[in-house]
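Below, chain A is the first sequence line, B the second, and so on; all start at residue 1.
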Protein chains: 2
Amino acid sequence: MRGAERPYRLDDQVGYILRLASQRHATLFLARLGSDLTPTQFAAMVRLAEMGQCSQNELGRQTAMDVATVKGVVDRLRAKGLVTQNADPGDKRRSLLSLSQKGKAMIADLHARGHAVTADTLEPLDPAEQETLLALLRRLV
Amino acid sequence: MRGAERPYRLDDQVGYILRLASQRHATLFLARLGSDLTPTQFAAMVRLAEMGQCSQNELGRQTAMDVATVKGVVDRLRAKGLVTQNADPGDKRRSLLSLSQKGKAMIADLHARGHAVTADTLEPLDPAEQETLLALLRRLV
DNA sequence: GCCGCATTATTCGTATACAAACGAAAAACG
DNA sequence: CGTTTTTCGTTTGTATACGAATAATGCGGC
């Protein structure tokens, strides 16, 4: 005898629900930072502020971006004058990235708005549930 | 006096963790279905199997895809011979989509592999934790 | 029966995202 | 020291994803 096959319902699959949750977060992010930065650009800026200075590939690793993806992101941040690029004296392959003055001046506000987006996204849950969700999600990664 | 400002740590933000979790799911999906379908194409196929027949916009709504996105997805599924398109006799604007024979023949296997991807993704959690995660995630959407 | 509004599908532009391949430079190692 | 292996940055191609605009059609109200 075989066990009863569980039906496949798209709405019950983690992958699908993760996509929906990411979409909603993107919408809320857009409402607060849309005119300035995309979520990915935001992550790169915040990480660069944390790290101070690093290579492009290193920034990609620290923000979970592909080398090809991070190139485009950095290019656009440089075009906006938020990130500067300098040659690495000790390694001719790499260039060192850092926030420009304009970029640094923006960080405190980005943090504030970033917190707001997180609060917006988690708003349907009470604080204990929010902690539970984050703890479980982290274990998936 | 002001309350202590909570520092902004990228690794603690839902949006960022959601992106990481989605990335890991995409990797696991690729391992099981990469040569056949993308996650989005997969969702469209499964949904179309559930709905039987519908317009392109309707399929987009039921799979949380933009009208522009769903067009590309359907185009590629039609190119693979998995989806067929017919004119709607009662509405000249829309065309009715449905799975081809080849597409229908694939569904049972897609369901099986879809279940496997979900299991792979949730593997770090025990069954009770998996239920908790899904319940909380659903409330975010 | 006509007119304004909504819906369908398409198209354009921009921004991730990743695989794959490439040349240049650095590191590892015998 | 020289070779093998990594690493860095870039480029190409494909596939989401969404805003915005458009043309064609459908529909409700008067």
Can you see which heavy atom on A/R139 is nearest to which on B/P124, and at what distance? NH2-O, 3.1 Å

Closest approach of A/L20 and B/A64, non-hydrogen atoms and distance? CD2-CB, 3.4 Å

The first and last nucleotides of DNA chain C lying within contact of chain A, meaning any atom under 4.0 Å from one of its heavy atoms, run from C/dA15 to C/dA26

Would a distance-only check, ignoring hydrogens and angles, find a side-chain to backbone donor-acceptor pair under 3.5 Å from B/R47 to B/Q62? yes

Residues 14-34 of chain A vs salt bridge (charged side-chain N to carboxylate O under 4.0 Å, His left out), sequence neighbours excluded, gives A/R32-A/D120

Between the first and last five pairs of the helix from C/dG1-D/dC30 to C/dG30-D/dC1, the angle of the axes, rounded to 10 degrees: 30°

Should B/L133 and A/L140 count as side-chain neighbours, where that means a heavy-atom distance under 4.5 Å? yes

Every protein N/O within reach of nucleotides 25-29 of chain D N/O, cut-off under 3.5 Å:
| residue | atom | partner | partner atom | Å |
| --- | --- | --- | --- | --- |
| D/dT25 | O2 | B/R93 | NH1 | 3.3 |
| D/dG26 | OP1 | B/K92 | N | 2.8 |

Any side-chain heavy-atom pair of B/Q130 and A/V14 under 4.5 Å: no

Name all residues meeting the side-chain contact (heavy atoms from CB on, under 4.5 Å) criterion together with A/L33; count only those two or more places apart in sequence or in a different chain, and write none if there are none. A/F29, A/F42, A/L110, A/R113, A/V117

Return the residues of residues 61-75 of chain A meeting this criterion: a heavy atom under 4.0 Å from some atom of DNA chain D. Order them by number, or give none. A/R61, A/V67, A/A68, A/K71

Phosphate contact (D/dA24 OP1 or OP2) by B/R94 side-chain N/O below 4.0 Å: no

Can you check whether B/Q41 reaches B/K80 side chain to side chain, under 4.5 Å on heavy atoms? yes

Residues in side chain to side chain donor-acceptor pair (under 3.5 Å) with A/K104, at least two apart? none

Taking the side chain as every heavy atom from C-beta outward, state whether B/L77 and B/M45 have any atom pair closer than 4.5 Å. yes

Going by ring pair (Phe, Tyr, Trp, His ring centres under 6.0 Å), name the pairs with one or both residues in residues 89-111 of chain A, residues two or more places apart or in two chains. A/H111-B/Y8

Spell out, as yes or no, whether a donor-acceptor pair under 3.5 Å connects the side chain of B/T84 to the backbone of B/S98. yes

Salt-bridge test for A/R9 and A/D11: reply yes if a basic N is under 4.0 Å from a carboxylate O, no otherwise. no

Which residues pass the side chain to side chain donor-acceptor pair (under 3.5 Å) test with B/Q23, sequence neighbours left out? none

Selection residues 54-66 of chain B - residue pairs positive for salt bridge (charged side-chain N to carboxylate O under 4.0 Å, His left out), sequence neighbours left out: B/E58-B/R61

Would you say A/E129 and A/D126 make side-chain contact, with heavy atoms under 4.5 Å? yes

Closest non-hydrogen atoms of B/G81 and B/S100, given as atom of the first, atom of the second and distance, are O-OG, 2.7 Å

Heavy-atom contacts under 4.0 Å between residues 8-47 of chain A and DNA chain C, which residues? A/T38, A/T40, A/Q41

The correct set of residues in residues 51-59 of chain B placing a heavy atom under 4.0 Å from DNA chain D is none

